[in-house]
Visitor: 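This structure is in structure tokens; I'll ask about it shortly.
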Amino acid sequence: MNDQKLIIFDTTLRDGEQSPGASMNLAEKLEIAFALRDLGVDVIEAGFPIASPGDFEAVQAVARQVEGTTICGLARCNSADIDRAWQALCDAPKPRIHVFLATSAIHREFKLHMAKDEIVRRAIEGVLRAKSYCEDVEFSPEDAARTELDFLAEVVEKAIAAGATTINIPDTVGYAVPAQYSAAIRYLKENVPGIDKVVLSVHCHNDLGLAVSNSLAALMDGARQVECTINGIGERAGNCALEEIVMAVRTRQDYFHLITPIQTRRLYHTSRLVSRITGIQVQRNKAIVGQNAFAHEAGIHQDGMLKDRSTYEIMRPEDVGFQRTELVLGKHSGRHALRQRIADLGFHLTDEQLLHVFDGFKALADRKKEVYDADIEALAETAIHTGPAVWTLEAVTCNAGSGTVPSAAVVLWHKDGTLCRDANVGDGPVDAVFKTIERITGVDVVLREFQVRSVTIGEDAQGEAQIEAEHNGRIIRGRAVSTDIIEAAALAFLQVINRALLREQLRMNPQTEEVIVS
Ligand code: KIV
Ligand code: ZN
């Protein structure tokens with residue numbers, strides 16, 4: 001049997017960004033888009049241009065700057081959405097407009113208040129309008145997995161006749177189970193005239209933990225595009241995880257007979273990048289990219305591995321890009337070596353960002369004997385994250401110990417050039433630092449999670465602080481690294497405060513009202 005091509009459609013920047021607290025700024029989205037391009041995905045869904053000016057700018061920037069892959073923008077089936085999507089996409093060498101409209105009885109009745117014939121009419125109009133701009137048009141009947149099969153077939157047939165080149169079948173609420181979902185794909189294959197002229201695509205949500213299984217089942221029945229996100233992030237329980245579906249078809253090529261263009265050795269790096277940018281941590285036992293994915297604990301397994309790796313290993317760690325913690329650079333390493341290492345690690349930095357990393361590297365090499373890949377990644381990540389901030393840290397000190405009341409003193413710069421200082425007590429030194437920062441900035445947040453971990457090995461390793469906090473009902477994340485964990489905590493907290501202020505500023509602009517779909 002000849003192996004066939006499976007199209008990898010990545011929606012980390014659109015559906016993935018809809019994970020609570022995962023919003024990204026323009027520079028972060030571009031960084032991820034370049035990483036996805038390097039990873040080899042066929043299609044990058046860069047956003048939903050009408051949703052907000054920020055989304056529009058991001059799709060436009062990705063369309064203009066990221067070459068070599070199809071860039072897609074999402075739109076509902078109405079003229080305003082489609083026109084806006086095209087405005088954002090028109091400079092892309094390979095643009096795609098993705099239009100969607102819900103088809104299930106539940107959505108028709110409660111959300112859209114539309115009869116079936118109205119849905120069909122709007123789907124046709126949407127595809128035709130998109131087609132008037134762009135040859136490559138994808139149509140998604142939202143909540144397809146809960147739509148009556150005969151009606152689904154009717155809508156799909158009309159969308160194909162109107163010019164859709166890809167038909168995507170979303171399991172919007174993660175309700176499907178594998179045999180049922182693949183039967184729906186088979187039904188469409190057998191009952192829709194013209195279906196063989198288009199690519200059938202799957203888009204599964206993970207509410208029942210079945211997103212990857214449902215997608216794989218559909219591939220067996222002829223789907224040839226899979227929509228997925230890095231680390232499986234996305235609305236609610238997330239989407240089908242790119243790294244899992246890609247490694248499943250690669251490892252079981254004997255069964256699926258599919259090939260993907262993915263450079264699998266870049267999976268781990270891309271996973272780490274998305275995790276650092278979104279602040280959504282990857283669970284240790286996550287398949288393919290979790291810290292334990294290739295760790296063998298049981299003695300019998302270790303013994304087997306020593307005799308022959310194939311006894312307990314179905315994939316090689318290096319094939320997904322796992323590296324041992326390598327000692328890379330030292331105090332005397334030059335700018336050129338650092339630039340090369342950063343590129344090898346998969347980062348695309350501007351000259352200004354590189355300079356920032358170099359300064360950070362020199363300071364770190366003074367404090368720390370050995371600088372590892374993970375240290376360099378942390379510095380590069382900080383340089384990318386460092387956007388326009390209202391508040392920056394000048395100094396932080398704290399006092400704690402048994403028998404003393406924990407206290408902290410903090411000095412911050414405001415962007416208008418004012419230096420502000422204050423001190424406070426708290427339940428512990430970190431609490432005292434956070435309270436002081438809140439008092440200086442006048443922003444109160446509710447801390448939901450605070451974690452510190454070591455970035456690399458050794459007593460002088462850098463500490464990474466991760467914070468999840470709530471502000472006005474929204475989750476905001478912050479992350480920072482330093483060899484001093486109190487400083488890392490203060491920097492991460494300040495990032496949360498700056499993001500909260502940025503969000504408030506955006507909320508005051510009514511144009512930024514968000515439209516959310518799953
Ligand atoms: O889950 C969904 O239905 C979607 C569509 C917009 C494709 O994300
Ligand atoms: Zn979705």
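Counting starts at 1 for both ligands and their atoms, in listed order. Below, all heavy atoms of this structure are taken into account, side chains as well, without hydrogens, waters or symmetry copies.
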Visitor: Would you say ligand 1 has an N or O under 3.5 Å from any N or O of Thr172?
Guide: yes

Visitor: From the N, O or S atoms in Asp15, identify the one nearest to the Zn ion (ligand 2).
Guide: OD2

Visitor: If you measure from each non-hydrogen atom of Glu227 to ligand 1, which part falls under 4.0 Å: side chain, backbone, both or neither?
Guide: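 Neither part.
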
Visitor: Which is it for Asp15 and ligand 1 at heavy atoms under 4.0 Å: side chain, backbone, both or neither?
Guide: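 Only the side chain of Asp15 comes within reach of ligand 1.
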
Visitor: Could you tell me whether a side-chain N or O of Asp81 sits under 3.5 Å from a main-chain N or O of Ile50, the two making a donor and an acceptor?
Guide: no

Visitor: Is a side-chain donor or acceptor of Ser140 paired with a backbone partner of Glu142 at a separation under 3.5 angstrom?
Guide: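 Pair absent, no side-chain N/O of Ser140 close to backbone of Glu142.
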
Visitor: Do the charged groups of Asp55 and Arg14 touch, with an N to O distance under 4.0 Å?
Guide: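 No, this pair does not count.
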
Visitor: Against heavy atoms of Glu142, which atoms of ligand 1 measure under 4.0 Å?
Guide: 3 (O)

Visitor: Does ligand 1 come near enough to Arg14 that some N or O of the ligand is less than 3.5 Å from an N or O of the residue?
Guide: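 Yes: some nitrogen or oxygen of Arg14 is under 3.5 Å from one in ligand 1.
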
Visitor: For His205, counting its heavy atoms only, list the atoms of ligand 1 lying under 4.0 Å from any of them.
Guide: 1 (O)

Visitor: Does the residue Glu235 have a heavy-atom contact with ligand 1, meaning some pair of atoms that are separated by less than 4.0 Å?
Guide: no

Visitor: Looking at Asp221 and Lys189, does any basic side-chain N land under 4.0 Å from a carboxylate oxygen?
Guide: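 No, Asp221 and Lys189 are not salt-bridged.
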
Visitor: Once rounded to the nearest 0.5 Å, what's the spacing between atom CG of Asn231 and atom OG1 of Thr229?
Guide: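 Atom-to-atom, Asn231:CG and Thr229:OG1 are 7.5 Å apart.
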
Visitor: Is there a polar contact, in the sense of an N or O pair closer than 3.5 Å, between His203 and ligand 1?
Guide: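 Yes.
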
Visitor: Can any side-chain N or O of Asp15 pair as donor or acceptor with the backbone N or O of Thr11 at less than 3.5 Å?
Guide: no

Visitor: For ligand 1, is any non-hydrogen atom under 4.0 Å from Glu45's backbone (N, CA, C, O), its side chain (CB onward), both, or neither?
Guide: neither

Visitor: Any side-chain heavy atom of Asp42 sitting closer than 4.5 Å to one from Thr70?
Guide: no

Visitor: For the Zn ion (ligand 2), give me the closest N/O/S atom belonging to His203, just the atom name.
Guide: NE2

Visitor: So does Ser271 get a backbone contact from the side chain of Ser275, meaning a donor-acceptor N/O pair under 3.5 Å?
Guide: no

